[in-house]
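First up is the structure itself, then whatever we jot down about it.
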Number of protein chains: 2
Amino acid sequence: MSAVKKTYAHAVIATDVVIFTVEHGVLKVLLIAMKKHPHEKHWALPGGLARGEEGLEDTANRHLFDKTGVRDVYLEQLATFGDPKRDPFGRVVSVAYMALLPSPVLRLKTTKEYAGVAWFPIAKVPSLAYDHKKILQFACERLAGKLSYTNIAYGLLPKEFTLSELQSTYEIVLGHRLDKRNFRKKLLVLDLVKSTKKYRRKGAHRPAELYRFTRHTPMVVEVL
Amino acid sequence: MSAVKKTYAHAVIATDVVIFTVEHGVLKVLLIAMKKHPHEKHWALPGGLARGEEGLEDTANRHLFDKTGVRDVYLEQLATFGDPKRDPFGRVVSVAYMALLPSPVLRLKTTKEYAGVAWFPIAKVPSLAYDHKKILQFACERLAGKLSYTNIAYGLLPKEFTLSELQSTYEIVLGHRLDKRNFRKKLLVLDLVKSTKKYRRKGAHRPAELYRFTRHTPMVVEVL
DNA sequence: TCAAAAGTGTTCATGATACACCCATGT
DNA sequence: ACATGGGTGTATCATGAACACTTTTGA
């Protein structure tokens, strides 16, 4: 690439991953505590530089795996943030991804690069390094939007779940309540979920039937 | 950036811009004819490297301006393509944008870097360099999708236009016919367009009333 | 027997679709 | 006078929204 003119500075490519999960009735996002100057003690989205021969999605998956140990979860490119001043060290262009986890990973792995890893309820996210607040904001909007017109909710739920759990997930992400009967009717008539004939008993009430998503591949369907 | 490890290769950032317009009943895209090895005589999307202190959108706008001479048109980031092998010269990460022009620019400017610039009907696009076919495909889907649930059609039409022209634009992009009465009713009840009380006479038939978009800022509205 | 969540249908309002004729003009 | 595209309203159908009670269990 020696032919590139001097005005065309090489940049560093990074990915940042917004990892969502739903737990205890709240939407949570995974953040890492930074160690390096000038962001000591600041929280940030997990992510980092892309390696030479690695695709962008591979980079996102690698950072996802490094922090959570999970693979093969829903992962989607969001947008690319390239403001020349977004990183004080130099030009870093960040390709943002969004990942969905069925349940929060309990054994989060911190690495020597970071001071810690933790889940934060969306409503309690502290101030973030770089432009990560903007990226998170973008991710939240995308998630809520896509839940309404796709089936990607499968990424947030375990293989088997009750319809109440599914409805709760929707309500938490969308931020408003839904009608139980209409919700169930819609998902069944769209053939997004199917019964497993199994039941889960939990607590002093009637057992709930367990369902599965009929497909675990993204598709656009008018859900709500 | 000397602290960056060797495995984290610096990459080159580029933008590629898919510039759409509608003319004579067909959707067209602007392509440039390449001169440089190994793509002599190949067509490609306009675009190129980002400069050091330039935002990504600025880069897209600059390339757009260089080829067409227009500014301040609808421009939207599509996605980022970063396959390590997408450019034989080395790692080039391309941030793809989509631009909409109200009418084809007549005086296209070629530069010494390129052998030519031309509009191609979507159905007659030749084979393209790099992964530009994939980018173009992505752009086409995005455009059709967004026309259905936003008002961005304003980017494809002049300030004043007839409802027939607007409907025709929708039909061309979406690839199917629409009902005239329902279409007009919908756009008016959504308050997307308003009459100018002016009329355009053209041909042996009743003159058509001219309309304007009430807003020239993107907004999501269920159009169709 | 009580509390707590699961499960289940119908009515009504709204929006989408289908459809055909008259109007103003240029030649 | 005729050919051409511009302009207009209604009836029907499908979909979304609102709404309350019975069931099963554990304590």
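Just so it is clear, the model here is predicted, and its values are computed rather than measured. Naming: A, B, ... by sequence-line order, numbering from 1 per chain. Side chains included, hydrogens not; waters and symmetry mates left out as well; all remaining heavy atoms used.
Using a 4.0 Å cut-off, some side-chain N or O of S164(B) falls inside it from OP1 or OP2 of dG6(D). In this model, the phosphate group of dT24(D) is not approached by any side-chain N or O of R201(A) to a distance below 4.0 Å at OP1 or OP2.
Contact of K185(B) with dT10(D) (side chain to base): a donor-acceptor pair of N or O atoms is detected under 3.5 Å. A donor-acceptor contact under 3.5 Å is formed by the side chain of K180(A) with the base of dG7(C). A donor-acceptor contact under 3.5 angstrom links the side-chain atoms of R181(B) to the base of dA20(C).
Rounding to whole angstrom units, OH of residue Y149(B) and C1' of dG15(C) are separated by 21 Å. One can place CD of Q167(A) at 11 Å from P of dG7(C), the figure rounded to the nearest angstrom. Rounded to whole Å, atom P of dA20(C) lies 11 Å from atom CG of D179(B). At whole-Å resolution of the value, NZ in K198(A) and C1' in dA6(C) are 19 Å apart. Taking atom CG of residue L178(A) and atom P of nucleotide dG16(D), one finds them 14 Å apart after rounding to whole Å. Distance CD (E222(A)) to P (dA16(C)): 12 Å, rounded to an integer number of Å. Atom CZ of R200(B) is separated from atom P of dT4(D) by 20 Å (rounded to the nearest Å). For the pair Y211(B) OH and dG6(D) C1', the computed distance is 10 Å after rounding to whole Å.
Here dG5(D) is the nucleotide among dG7(C), dC19(D), dG5(D) with the atom lying nearest to any side-chain atom of H205(B). The N182(B) side chain lies nearest to dG9(D) when the options are dC19(D), dG9(D), dT8(C). Nearest to the side chain of A204(A), among dT8(D), dG16(D), dG26(D), sits dG26(D). Distance from the side chain of A208(B) is smallest for dG6(D) among the nucleotides dC19(C), dT8(C), dG6(D).
Mapping L210(B) and P207(A) onto DNA chain D by nearest heavy atom places L210(B) closer to the 5' end of the strand. The 5' end of DNA chain D is approached more closely, in terms of each residue's nearest nucleotide, by K186(A) than by the other of G203(A) and K186(A).
When each of W43(A), W119(A), Y114(A) is checked for a side-chain contact (heavy atoms from CB on, under 4.5 Å) with L31(A), only W43(A) meets the rule.
Using cut-offs of 30° and 60° on the angle between ring planes, the pair F183(B) and Y170(B) is perpendicular. Between Y154(B) and H216(B), the ring planes are tilted. Angles from 30° to 60° get that label.
A salt bridge is defined here as a Lys NZ or Arg NE, NH1 or NH2 lying under 4.0 Å from an Asp or Glu carboxylate O, and E209(A) with K198(A) fails to meet this definition.
Closest approach of V92(A) and R86(A) over heavy atoms only: O-NH1, 3.0 Å.
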